[in-house]
Every structure is written in C-alpha cells, then in structure tokens.
Amino acid sequence: MRIPAADLRAQHAGLRDELIEAFRRVLDSSAFINGEDVAAFEREFAAFCAVPHAVAVANGTDALALALRVAGVGPGDAVALPAFTFAATAEAVCHVGARPVLVDVDPQTCNIDPQALRDSLRRERVRALIPVHLYGQPAAMDDVVALAREHDAATVIEDAAQAHGARYRGRRAGSLGTLACFSFYPTKNLGALGDAGAITTTNADLAERLRALRDHGQSRKYEHAVVGFNSRLDSIQAAALRIKLRHVDEWNRRRRVIAQRYRDELRDARGITLLTERAECEAVYHLFVVRCDERDSLRRYLDERGIATSIHYPIPLHAQPAFAAIAAGRFPQAELLARQVVALPMYPELSEASVEAVCLAVREWSAARRS
Ligand SMILES: *Cc1c(COP(=O)(O)O)cnc(C)c1O
C-alpha cells in the first residue's frame with residue numbers, strides 16, 4: 001500500500017453526496033457565474049477569516065494581481081517578497097508592471113527574514129510588501145507591518161494561499177495585513193474542484209473596487225468605470241467551497257495532530273532538521289517540511305517503502321529563468337533551503353498507522369545512513 005504525499009480522493013469520498021446535490025442545485029439555477037453561492041461563500045469565508053469582506057476571484061494568482069492593483073501598485077513600483085516561495089507571488093507583481101524585490105528567508109521557518117527585509121528596505125523604496133505564510137505558518141507579521149509603516153506606508157498584502165485558518169497572535173491569516181490573498185487550488189487546505197481564489201480585507205472601499213475589477217470593471221451592468229478583468233468565480237466552485245469550508249477547522253486540527261506526531265518522533269533523527277513553529281503562530285501545515293542534506297537518499301529510501309514525498313521548491317525565484325533578470329541577487333538561505341527541503345505525507349485523512357510507518361521509515365534511514 002502506497003502512502004501518497006496528499007490525497008484528495010479520501011477528502012471527497014466523505015463529501016460525495018453533498019457535492020453532487022450542490023452541483024444539481026447550481027445546474028437547476030442556471031446562475032453559473034457570480035451566483036448566489038458565490039455571495040454566500042464570500043460571506044462565510046469572510047466570517048471564517050474574521051474580516052468584513054471577502055471577494056471571490058478566479059484563482060490565487062489573480063487574487064494577488066488584483067490586490068496589487070487596488071493597492072495602487074503599477075509600473076515603476078517595487079514590491080518586496082521572499083526569494084523562497086511559489087512563483088505566483090512574483091508573477092503577480094510582474095503582471096501589474098511592477099518589479100519584485102526579493103528578500104532572503106529565515107531557514108528555521110522558511111518565511112521572510114525580518115532583518116533581511118529591514119536591510120532591503122534601506123536600499124529600496126517599495127510600494128507594497130507581500131509576506132508569504134509558507135507551508136501554513138504565518139510570517140513574522142509584527143515586524144513586517146512595523147517595517148511597512150516605517151517605510152513610506154507601504155501596503156502589506158498577505159499571500160495566504162497556504163494558510164487558510166492559520167493564526168498569528170490569535171488572529172486569523174487573512175486579517176493581518178491591508179489585503180490578503182487566498183488560493184483554493186484543489187490541494188490547498190481549502191481547495192475547490194478546479195481553480196478558485198479570494199481576497200480578504202477590512203477596507204470596504206478596497207473590497208468594492210475589487211468587485212468591480214474582477215468583473216470587467218463594471219460598477220453596474222454595462223457601466224465600466226475602470227478597465228477591468230474577467231476573474232470571476234464559478235458558482236459551482238463556490239458551492240463546493242461552501243461545503244468544504246465547514247470542515248477546514250477540523251481538517252486543520254487533524255493536520256496539527258499529525259505534525260505533532262512527526263515532531264515527537266523525528267526530533268532526534270540524525271540528518272533531519274525540523275522547522276520551527278513559532279510560539280505566536282498556530283500553523284495549519286499545508287505541508288510538513290523537514291530539512292535534509294541528503295535529501296535524494298532519504299527520498300529514495302522512502303519511495304522504495306511506498307512513501308511519497310515532494311519538494312516545495314527546488315529552485316529559488318532568483319534562479320528561475322523567468323525572474324533571473326529582474327530579481328537578481330544573492331539569497332544564501334533560499335538557496336540552502338531549495339537544496340534541503342522535503343515534504344512528508346500530510347493530509348487530514350492520513351491514518352495513525354501511515355504516520356507511524358512514515359516515522360519508522362525516516363528513523364530507519366537516519367540510523368542506517370552512516371553505517
Ligand atoms: C498556490 C499558491 C499561489 C497561487 O495560487 P493559484 O490559485 O494556483 O493561482 C500563490 N502563492 C502561493 C504561496 C501558493 O502556494
């Protein structure tokens with residue numbers, strides 16, 4: 001029996017009838033785009049994040065690009081973001097014509113390093129900052145928000161694509177900056193059955209502008225105040241997301257239990273370094289990532305025992321051909337992490353027996369590696 005890195009089949013098995021009933025309802029309503037389910041999902045997701053407004057869009061990358069737009073970021077502007085993240089964080093900055101300013105990360109958390117951010121803000125004027133809550137752990141938001149204030153009141157936009165439900169000093173991801181962007185890509189902690197995304201904010205004016213921007217810049221039908229986009233959410237995705245949203249807290253609790261098991265069992269495994277969960281954070285373990293100098297050997301050992309692993313991400317942004325020219329620099333921690341990180345299986349339906357099997361295999365590898 002193989003243990004996959006993630007398992008959507010297991011998640012959907014228990015929700016099948018409810019999902020099919022929701023599809024039937026949307027089919028019969030014929031309101032396929034921005035229908036009632038979209039408005040209801042926006043209300044429910046805003047409540048989940050403890051903010052007044054959520055605006056549903058087509059995907060997480062659009063969420064970032066539209067958030068940058070309403071924050072007034074455009075050509076000639078610079079935007080700070082970590083050098084170690086999924087490409088979409090930097091892509092969105094390029095899509096609005098701005099320039100990504102990469103910042104090195106803290107190898108203990110894989111999140112943006114406040115000291116490195118302070119240093120780059122001394123050199124560069126940035127219009128916005130995008131802290132990423134990588135793997136489900138909130139970035140050092142107190143430092144990020146304070147630095148943003150000190151430096152030309154730059155707008156803080158959370159990339160919360162991996163952190164649905166995570167908390168920082170008791171507050172939810174999505175409520176920690178001026179704007180926050182979520183992806184509901186199927187494997188995220190809250191995933192649609194296709195592409196979907198959302199932006200949350202406490203600012204009613206920004207929310208209203210986002211609603212217009214995602215729908216061809218319309219404030220009313222066929223009245224186009226601004227040049228907009230087509231980045232609407234399908235009702236069928238909203239209907240599925242509403243069903244799944246009710247389970248996210250319980251799924252995240254289970255992810256945290258699994259993470260604690262991994263921590264307890266792998267703490268002393270030589271050749272493996274655990275990441276730190278900071279005291280002010282309640283991470284939601286989108287992924288459970290460890291660092292390992294002999295990553296290929298570990299992965300091969302686990303694969304031979306039917307255990308899948310994955311790498312997020314093997315290449316830091318500044319080494320990607322897409323960004324090399326516009327975001328050059330040296331980011332030693334990002335480079336180190338790109339060589340070391342490996343994600344162990346993590347999904348709420350992962351059984352106790354499977355967690356135990358993974359731990360045993362990692363410990364065996366650890367014990368065998370020097371002999
Ligand atoms: C998934 C993800 C995105 C982009 O989301 P899409 O919905 O795939 O466009 C952005 N940032 C991070 C950190 C992500 O993990």
Side-chain angles (χ1 to χ4, degrees), residues 5-6 8 41 45 54-69 79-96 100 102-103 105 109-112 128-139 141 144 156-166 173-174 176-177 179-200 210 214 229-234 237-238 240-241 244 248 255 275 283-289 310-317 320 322-323 327 334 337-338 341 343 346-347:
L8 287 177
F41 173 67
F45 190 66
V55 180
V57 295
N59 56 68
T61 311
D62 279 8
L64 286 161
L66 296 181
L68 286 161
R69 280 267 176 158
V79 178
L81 60 113
F84 192 66
T85 175
F86 180 55
T89 319
E91 253 173 351
V93 172
C94 298
H95 286 164
V96 301
L102 301 185
V103 178
V105 291
T109 61
C110 299
N111 277 332
I112 199 162
L129 307 175
I130 311 183
V132 179
H133 307 321
L134 204 68
Y135 309 146
Q137 167 154 240
M141 292 302 290
V144 170
V156 175
I157 301 173
E158 296 170 70
D159 182 339
Q162 302 187 0
H164 320 69
L176 306 170
L179 293 145
C181 301
F182 288 88
S183 164
F184 306 117
Y185 183 82
T187 53
K188 301 284 160 91
N189 290 37
L190 173 58
L193 305 172
D195 278 314
I199 304 138
T200 55
L210 285 165
R214 72 166 172 198
F229 297 83
N230 177 355
S231 184
R232 299 169 301 217
L233 183 66
D234 291 342
Q237 296 300 348
L241 285 165
K244 291 199 189 186
V248 173
R255 286 175 184 270
L275 300 183
V284 291
Y285 293 94
H286 172 56
L287 297 168
F288 188 88
V289 168
S310 56
I311 298 177
H312 310 256
Y313 299 92
I315 307 172
L317 292 184
Q320 298 282 4
F323 306 109
L337 291 173
V341 292
M346 173 55 85
Y347 50 93

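One-based numbering, in listed order, for ligands and for the atoms of each.
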What atoms of ligand 1 come closer than 4.0 angstrom to any heavy atom of [X]?
| X | answer |
| --- | --- |
| Gly60 | 5 (O), 6 (P), 7 (O), 9 (O) |
| Ala88 | 3 (C), 4 (C), 10 (C) |
| Ala161 | 2 (C), 3 (C), 10 (C), 11 (N), 12 (C), 14 (C), 15 (O) |

Inset, instruction - Show your reasoning for whether side-chain contact (heavy atoms from CB on, under 4.5 Å) applies to His133 and Leu176. - result: CA-CA 11 Å; His133 307 321; Leu176 306 170; 4.2 Å; yes
Inset, instruction - Distance to 0.1 Å, residue and atom name: give those for the protein heavy atom nearest to atom 9 (O) of ligand 1. - result: Thr61 OG1, 2.5 Å
Legend entry - Distance from atom 13 (C) of ligand 1 to nearest protein heavy atom, with residue and atom: Asp159 OD2, 3.5 Å
Legend entry - His286 heavy atom under 4.0 Å from ligand 1: no
Legend entry - Donor-acceptor contact below 3.5 Å, side chain Tyr185 vs main chain Ala161: no
Inset, instruction - Taking Glu158 for its side chain and Pro131 for its backbone only, find out whether a donor-acceptor pair lies under 3.5 Å. - result: no
Legend entry - Aromatic ring pairing Phe182/His164, orientation class (parallel under 30°, perpendicular over 60°, tilted between): tilted
Inset, instruction - Give yes or no for whether the N/O distance cutoff of 3.5 Å, strictly under, is met between Gln162 and ligand 1. - result: yes
Inset, instruction - Report yes if some N/O of Ser183 lies less than 3.5 Å from some N/O of ligand 1; otherwise report no. - result: yes
Inset, instruction - Verify the ring-centre separation between Phe45 and Phe184: is it less than 6.0 angstrom? - result: yes
Legend entry - Shortest reach to atom 14 (C) of ligand 1 by a heavy atom, considering only His133, Glu91, Lys188: Lys188
Legend entry - Straight-line distance of Leu66 CG to Ile157 CD1, nearest 0.5 Å: 10.5 Å
Inset, instruction - Evaluate the side-chain contact (heavy atoms from CB on, under 4.5 Å) criterion for residues Leu193 and Gln237: first the C-alpha distance (whole Å), next the side-chain angles of each, then the deciding distance (0.1 Å), finally the verdict. - result: CA-CA 6 Å; Leu193 305 172; Gln237 296 300 348; 3.8 Å; yes
